[in-house]
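See below for the structure under consideration.
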There are 2 protein chains.
Amino acid sequence: MTMSPPELFKCLADETRVRIVLLVARESELCVCELTEALEVSQPKISRHLAQLRACQLLEDRRQGQWVYYRLHPQLPEWARAVVKVTGQANTDWLMETAGRLAQMGDRPTRVARCGQLT
Amino acid sequence: MTMSPPELFKCLADETRVRIVLLVARESELCVCELTEALEVSQPKISRHLAQLRACQLLEDRRQGQWVYYRLHPQLPEWARAVVKVTGQANTDWLMETAGRLAQMGDRPTRVARCGQLT
DNA sequence: TTCGCATATACGGAATAGCATATATCAAAT
DNA sequence: ATTTGATATATGCTATTCCGTATATGCGAA
């Protein structure tokens with residue numbers, strides 16, 4: 001896959017979108033409802049940004065039952081991955097500011113429970 | 001200095017601006033006329049983008065005679081510097097595509113000559 | 001001071017991006 | 001088949017961004 005610098009940076013130029021990408025990178029994989037809760041923004045808003053991140057090949061989605069999980073696109077170029085990594089690592093405080101419930105990630109039980117859904 | 005991820009990425013979300021930043025990082029320091037020639041864009045356009053990069057503290061300017069030189073801001077956070085570095089290194093081909101005359105950087109004489117100005 | 005070059009800013013219009021609300025799709029459960 | 005919860009898309013609007021042209025400023029040379 002190929003991706004020019006401005007293409008990548010346009011994707012990351014919106015606060016909601018960077019937060020999504022950094023959180024997903026940090027957690028390996030997150031579903032829409034987790035992101036909606038973590039960032040405390042409306043579902044359509046999250047969804048629109050996710051569509052954009054999918055379109056530019058930054059994220060990949062995987063449907064599992066009623067949930068859709070997002071992760072970094074496996075073919076994301078190394079340098080882009082490095083950009084995400086270094087940014088996330090150097091900005092954990094900023095990231096967690098708005099990470100809502102996701103902040104206490106360690107003590108959450110199953111992913112299903114996280115989504116407020118049972119079994 | 002502090003700089004949030006979306007702040008940095010907004011600066012880099014424009015093709016002209018990333019090119020400026022990557023070239024400046026690569027060359028340590030460049031003046032406006034060099035950038036204008038290298039990127040082959042109008043002078044006001046370059047200047048406007050430079051003003052923006054100055055405003056967000058990504059670049060610092062230094063006046064020397066009639067020229068104004070730009071370099072990465074000395075207090076730019078490490079992670080931002082790392083983002084610029086890894087992006088530049090992984091995209092030299094893309095960078096040089098539009099780097100015009102600056103492409104033959106090795107064989108240029110003095111900076112003054114580069115600007116098409118004598119002594 | 002006046003001229004010429006390098007650089008910066010102002011202004012108006014065109015294009016783009018982001019948002020809220022409403023609606024559609026799709027899978028699981030009943 | 002109908003309902004319900006999860007996710008996606010459409011629509012209409014506002015706000016922001018970017019650009020070209022014109023103009024201003026700052027500096028050095030004459």
Side-chain angles (χ1 to χ4, degrees), chain A residues 6-21 24 29-56 58-71 98 110-119, chain B residues 6-21 24 29-56 58-71 98 110-119:
Chain A
E7 274 169 0
L8 173 65
F9 295 132
K10 271 188 232 277
C11 288
L12 301 177
D14 174 88
E15 172 160 2
T16 303
R17 283 197 299 273
V18 216
R19 287 194 188 274
I20 289 174
V21 171
V24 163
E29 200 181 46
L30 287 171
C31 69
V32 181
C33 60
E34 289 177 302
L35 288 167
T36 305
E37 286 205 11
L39 302 184
E40 298 176 21
V41 298
S42 73
Q43 178 269 322
K45 182 168 170 179
I46 287 276
S47 195
R48 223 178 325 107
H49 286 300
L50 283 172
Q52 215 173 321
L53 293 168
R54 229 186 305 133
C56 73
L58 230 165
L59 297 185
E60 175 193 62
D61 65 325
R62 169 177 80 84
R63 171 154 232 143
Q64 180 171 317
Q66 24 187 169
W67 293 287
V68 178
Y69 290 97
Y70 284 84
R71 63 171 67 204
T98 328
T110 73
R111 176 156 272 141
V112 174
R114 275 188 248 162
C115 285
Q117 179 82 11
L118 77 158
T119 53
Chain B
E7 273 168 1
L8 172 64
F9 295 132
K10 271 190 234 283
C11 289
L12 302 176
D14 175 90
E15 171 159 2
T16 303
R17 283 198 300 273
V18 215
R19 287 193 187 275
I20 289 175
V21 171
V24 163
E29 201 181 46
L30 286 172
C31 70
V32 181
C33 60
E34 289 177 302
L35 288 167
T36 304
E37 286 206 10
L39 303 184
E40 298 176 22
V41 297
S42 74
Q43 178 270 319
K45 182 169 170 179
I46 285 276
S47 195
R48 241 179 303 114
H49 285 300
L50 284 172
Q52 214 173 320
L53 292 168
R54 231 186 304 129
C56 73
L58 230 164
L59 297 185
E60 175 193 61
D61 65 326
R62 171 177 80 84
R63 169 153 233 142
Q64 179 170 316
Q66 23 188 164
W67 294 287
V68 179
Y69 291 96
Y70 284 86
R71 62 171 67 206
T98 330
T110 74
R111 177 155 274 141
V112 173
R114 274 187 248 163
C115 285
Q117 177 82 11
L118 76 158
T119 52

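Numbers restart at 1 for each chain; the letters A, B, ... are given by sequence-line order, proteins then strands.
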Exercise for review: With heavy atoms under 4.0 Å as the rule, sort B:Gln52 into base, sugar-phosphate or nothing.
Suggested key: sugar-phosphate
Check your understanding: At under 4.0 Å, does any side-chain N or O of B:Arg48 touch on OP1 or OP2 of D:dG20?
Key -> no
Point to revise | Among C:dA8, C:dA22, C:dG18, the nucleotide that comes nearest once only the side chain of A:Arg17 is considered | key: C:dG18
Review point. How many Å lie between CD on A:Gln66 and P on C:dA27, as a whole number?
Key: 11 Å
Exercise for review: Take atom CG of A:Leu39 and atom C1' of C:dG18, then tell me their distance rounded to the nearest Å.
Suggested key: 16 Å
Check your understanding: Are B:His49 and D:dC19 close enough that a side-chain N or O sits under 4.0 Å from OP1 or OP2?
Key -> yes
Exercise for review: Please evaluate the base of C:dA8 for a donor-acceptor partner in the side chain of B:Gln43 within a cut-off of under 3.5 Å?
Suggested key: yes
Revision key, fill the gap. Looking only at heavy atoms, the pair that brings B:Thr16 and B:Leu39 closest together is O-CD1, 4.1 Å
Review point. When you match A:Arg63 and A:Thr16 each to their closest nucleotide on DNA chain C, which lands nearer the 5' end?
Key: A:Thr16
**Study point:** Earlier contact from the 5' end, DNA chain C, for A:Gly65 and A:Ala13
**Key:** A:Ala13
Practice item. Would you mind classifying the nucleic acid contact of B:Glu15 as base, sugar-phosphate or nothing, using non-hydrogen atoms under 4.0 angstrom? Key: nothing
Practice item. Go through the steps to decide whether A:Leu50 and A:Leu35 satisfy the test side chain to side chain contact (heavy atoms under 4.5 Å, CB included), and finish with yes or no. Key: CA-CA 10 Å; A:Leu50 283 172; A:Leu35 288 167; 4.2 Å; yes
